[in-house]
Amino acid sequence: PLYQKAPYVGRALRSVFGQTMDDFEAILIDDGSTDDVLRSLAGLSDTRLVIHRQKHQGVSMARNRGVSLARAPWVAFLDADDEWRPTFLESTLRIAVTSPGLSAVFSNLRDHRSDRPMLAAVSRAGSIVKDYFETLLENEGVGMSSSSVLVSKAHLLACGGFPDGVEHGEDIDLWARLAWSGDLGFCAET
């Protein structure tokens with residue numbers, strides 16, 4: 001999803017195209033930006049990038065539109081002002097395909113100032129999270145984040161996607177519904 005983030009989106013996309021795996025499609029949903037974002041993308045050309053523009057409808061609608069356009073069974077999100085480490089897709093997808101039935105796989109987050117992992121404790125058996133809600137309690141409410149999660153498209157759609165019209169915490173709502181509907185995987189790599 002992209003809205004008014006022209007100064008940042010190039011960095012975010014470079015982190016996508018710098019992944020250690022390259023078999024993916026990148027869908028950018030411009031949610032009615034007026035900050036000339038297309039000019040900021042002029043030097044970035046990659047055949048895996050597809051750009052869709054829509055009138056401003058909010059982050060949930062932008063993410064849901066991207067999901068509807070995605071052809072793969074797994075989708076990952078990256079906010080325009082965030083970035084992925086080079087192994088994010090490879091590491092999370094490895095867990096997803098070796099643990100059938102997962103609704104999502106999430107990785108640790110890193111504080112951009114200190115570069116420290118933000119999740120101190122995730123109780124799990126192998127890669128499977130024992131109790132996502134316990135993880136939230138153990139980490140002072142920090143858990144999955146939109147830019148650190150790989151989601152089963154089928155599970156996401158079955159849960160109803162991101163709630164329309166919610167401007168804050170829309171992702172937290174979806175992560176809770178995914179945790180209630182199936183197992184979650186955790187990738188300790190960040």
Side-chain angles (χ1 to χ4, degrees), residues 1-5 7-21 24 26 28-29 58-60 62-63 66-67 74-99 102-153 155-156 159 161-163 166-190:
L2 172 66
Y3 181 68
Q4 307 298 66
K5 299 284 186 187
Y8 309 104
V9 68
R11 183 191 69 191
L13 285 171
R14 282 188 293 280
S15 81
V16 171
F17 299 129
Q19 292 295 296
T20 54
M21 63 171 287
F24 60 83
L28 187 146
I29 305 296
V59 68
S60 289
R63 287 185 182 135
V67 170
W74 290 91
V75 294
F77 304 96
L78 182 62
D79 290 346
D81 57 352
D82 288 338
E83 59 188 302
W84 286 334
R85 299 266 175 154
T87 59
F88 172 75
L89 286 177
E90 180 181 3
S91 299
T92 54
L93 190 59
R94 182 182 317 113
I95 292 169
V97 298
T98 58
S99 304
L102 291 180
S103 59
V105 178
F106 65 104
S107 70
N108 209 329
L109 308 161
R110 295 192 85 78
D111 180 273
H112 71 278
R113 289 180 201 92
S114 67
D115 200 36
R116 289 185 163 170
M118 294 175 65
L119 296 173
V122 179
S123 298
R124 60 190 195 272
S127 297
I128 308 302
V129 176
K130 289 182 179 179
D131 184 336
Y132 178 67
F133 301 100
E134 179 182 310
T135 296
L136 292 174
L137 290 172
E138 291 175 342
N139 292 282
E140 299 178 6
V142 177
M144 287 194 278
S145 169
S146 297
S147 294
S148 69
V149 66
L150 178 75
V151 182
S152 159
K153 182 177 175 178
H155 278 97
L156 187 147
C159 286
F162 291 93
V166 177
E167 293 187 30
H168 301 288
E170 75 290 334
D171 53 346
I172 295 169
D173 175 87
L174 177 60
W175 308 148
R177 286 183 279 129
L178 284 168
W180 284 318
S181 71
D183 288 334
L184 300 175
F186 179 72
C187 179
E189 296 178 41
T190 55

With no hydrogens and no angle check, is any side-chain donor or acceptor of S91 less than 3.5 Å from a backbone partner on F88? no
Start with the C-alpha distance between S146 and R63, add both sets of side-chain angles, then the distance that settles side-chain hydrogen bond (donor to acceptor under 3.5 Å, both in side chains), and finish with yes or no. CA-CA 10 Å; S146 297; R63 287 185 182 135; 3.3 Å; yes
Heavy-atom neighbours of F24 CZ exceed 12 at 6.0 Å: yes
State whether the side chain of E138 and the backbone N or O of A120 hold a donor-acceptor pair below 3.5 Å, judged by distance alone. no
How far apart are the closest heavy atoms of L174 and G161, and which atoms are they? CD1-O, 3.7 Å
So, does S103 use its side chain to make a donor-acceptor pair with the main chain of D183 at under 3.5 Å? yes
Would you give the length of the straight line joining atom NE2 of H155 to atom CZ of R177, rounded to the nearest 0.5 angstrom? 13.5 Å
With a 3.5 Å distance limit and no angle check, can you tell me whether K153 reaches the backbone of V67 through a side-chain donor-acceptor pair? yes
Okay, side chain of Q19, backbone of L89: is any donor-acceptor separation there less than 3.5 Å? yes
Look at D82 together with R110 and state whether they make a salt bridge at an N to O cut-off of under 4.0 Å. no
Rounded distance [0.5 Å steps], CD in E90 versus OG1 in T87: 7.0 Å
So, for S107 and T92, which heavy atoms are closest and what is the spacing to 0.1 Å? CB-CG2, 4.5 Å
Can a donor-acceptor pair be found, under 3.5 Å and without considering hydrogens, that links the side chain of D173 to the backbone of F162? no
Of all the heavy-atom pairs spanning V129 and T135, show the shortest one and how long it is. CG1-OG1, 3.9 Å
Would you check if the side chain of Y132 reaches a backbone N or O of W175 as a donor-acceptor pair within less than 3.5 Å? no
Nearest-0.5 Å distance, CZ of residue F106 to CG of residue L178: 11.5 Å
Determine yes or no for a side-chain-to-main-chain donor-acceptor pair under 3.5 angstrom, with D131 supplying the side chain and F133 the backbone. yes
Derivation and outcome, side chain to side chain contact (heavy atoms under 4.5 Å, CB included), residues F186 and S127: CA-CA 5 Å; F186 179 72; S127 297; over 6 Å; no
Mind listing the closest non-hydrogen atom pair of A62 and I29 along with its distance? O-CG1, 3.5 Å
Within this structure, what is the CG-CG distance for the pair L119 and N139, rounded to the nearest 0.5 Å? 5.0 Å
Test side chain to side chain contact (heavy atoms under 4.5 Å, CB included) on V59 and Y3; report intermediate values, then the result. CA-CA 8 Å; V59 68; Y3 181 68; over 6 Å; no
Mind listing the closest non-hydrogen atom pair of A104 and W74 along with its distance? CA-CZ3, 4.2 Å
E83 side chain to L13 backbone, donor-acceptor under 3.5 Å: no
How close do S60 and V166 get, heavy atom to heavy atom, and via which atoms? OG-O, 3.9 Å
Would you say the side chains of S123 and E134 form a donor-acceptor pair under 3.5 Å? yes
For R116, I'd like to know if atom CZ has over 12 heavy atoms of other residues, nucleotides or ligands within 6.0 Å. no
Checking side-chain contact (heavy atoms from CB on, under 4.5 Å) against I95, which of L184, L150, L102, I128 comes through? L102
Does the D79 side chain pair with the main chain of S147, one donor and one acceptor, at a distance under 3.5 Å? no
Taking atom OG of S148 and atom CE of M118, what is their separation to the nearest 0.5 Å? 9.5 Å
What distance do D171 atom CG and M144 atom CE have between them, rounded to the nearest 0.5 Å? 9.5 Å
